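Just so you know, these numbers use all the heavy atoms, side chains as well, and skip hydrogens, waters and symmetry mates. Remember, predicted model here, so these are calculated numbers, not experimental data.
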Amino acid sequence: MNWVLVVATSVLVGALLVLGVVQVVTGWAPPWVRDTILRPRLSGVGTLVSAAGLGVFVFLGPLGGVSDRHLYIPLLGLMATGVGTSLFQRLARRPAPMRSVS
């Protein structure tokens, strides 16, 4: 069962890394988010940070068997995933249209 999780997580992290590199280098955004992304290169940076954080968390945490002396390392990866997802991805989005209050 452990190998199934390792392979599945490796494929996910690899796909996110490739998507992030493509977004940073070319400025391309996937079709399903193209209308909501204003800055695709910044979105790519967020994807790269999220993928790296996810990889650090999973492979040095639950699937890596980190020692008791270094329990903070997977948590740093989890924090990087949160920063990449919430901060960079939010800054890359197009602002919401203003609603008139009447």
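- Note: the hydrophobic cluster containing Phe57 also contains Leu48 (ILVMFWY, side chain heavy atoms under 4.5 Å, direct or indirect links).
- Under a hydrophobic-cluster definition in which Ile, Leu, Val, Met, Phe, Trp and Tyr are linked whenever side-chain heavy atoms come within less than 4.5 Å, directly or via other members, Val18 and Val25 are assigned to different clusters.
- Between the side chains of Gln89 and Ser50, no donor-acceptor pair is found at a separation under 3.5 Å.
- Heavy-atom minimum distance, Leu19 versus Trp28: CD1-CZ3, 3.8 Å.
- Nearest heavy atoms, Leu38 versus Pro95: CD2-CD, 4.2 Å.
- Once rounded to the nearest 0.5 Å, the distance linking CD of Gln23 with CD1 of Ile37 reads 7.0 Å.
- Taking hydrophobic clusters as Ile, Leu, Val, Met, Phe, Trp and Tyr residues chained together by side-chain heavy-atom distances below 4.5 Å, Val49 shares a cluster with Val21.
- Using modelled atom types, one side-chain atom of Thr36 and one backbone atom of Val33 make a donor-acceptor pair closer than 3.5 Å.
- When each of Thr85, Leu16, Val24 is paired with Thr47, the side-chain contact (heavy atoms from CB on, under 4.5 Å) condition holds for Leu16 and for no other.
- For the pair Ser43/Arg93, no side-chain contact is recorded, criterion being any heavy-atom separation below 4.5 Å from C-beta on.
- To the nearest 0.5 angstrom, Leu54 atom CG is 9.5 Å from Leu17 atom CG.
- Screening Leu75, Ile73, Leu76 against Val56 for a side-chain contact (heavy atoms from CB on, under 4.5 Å) leaves a single residue, Ile73.
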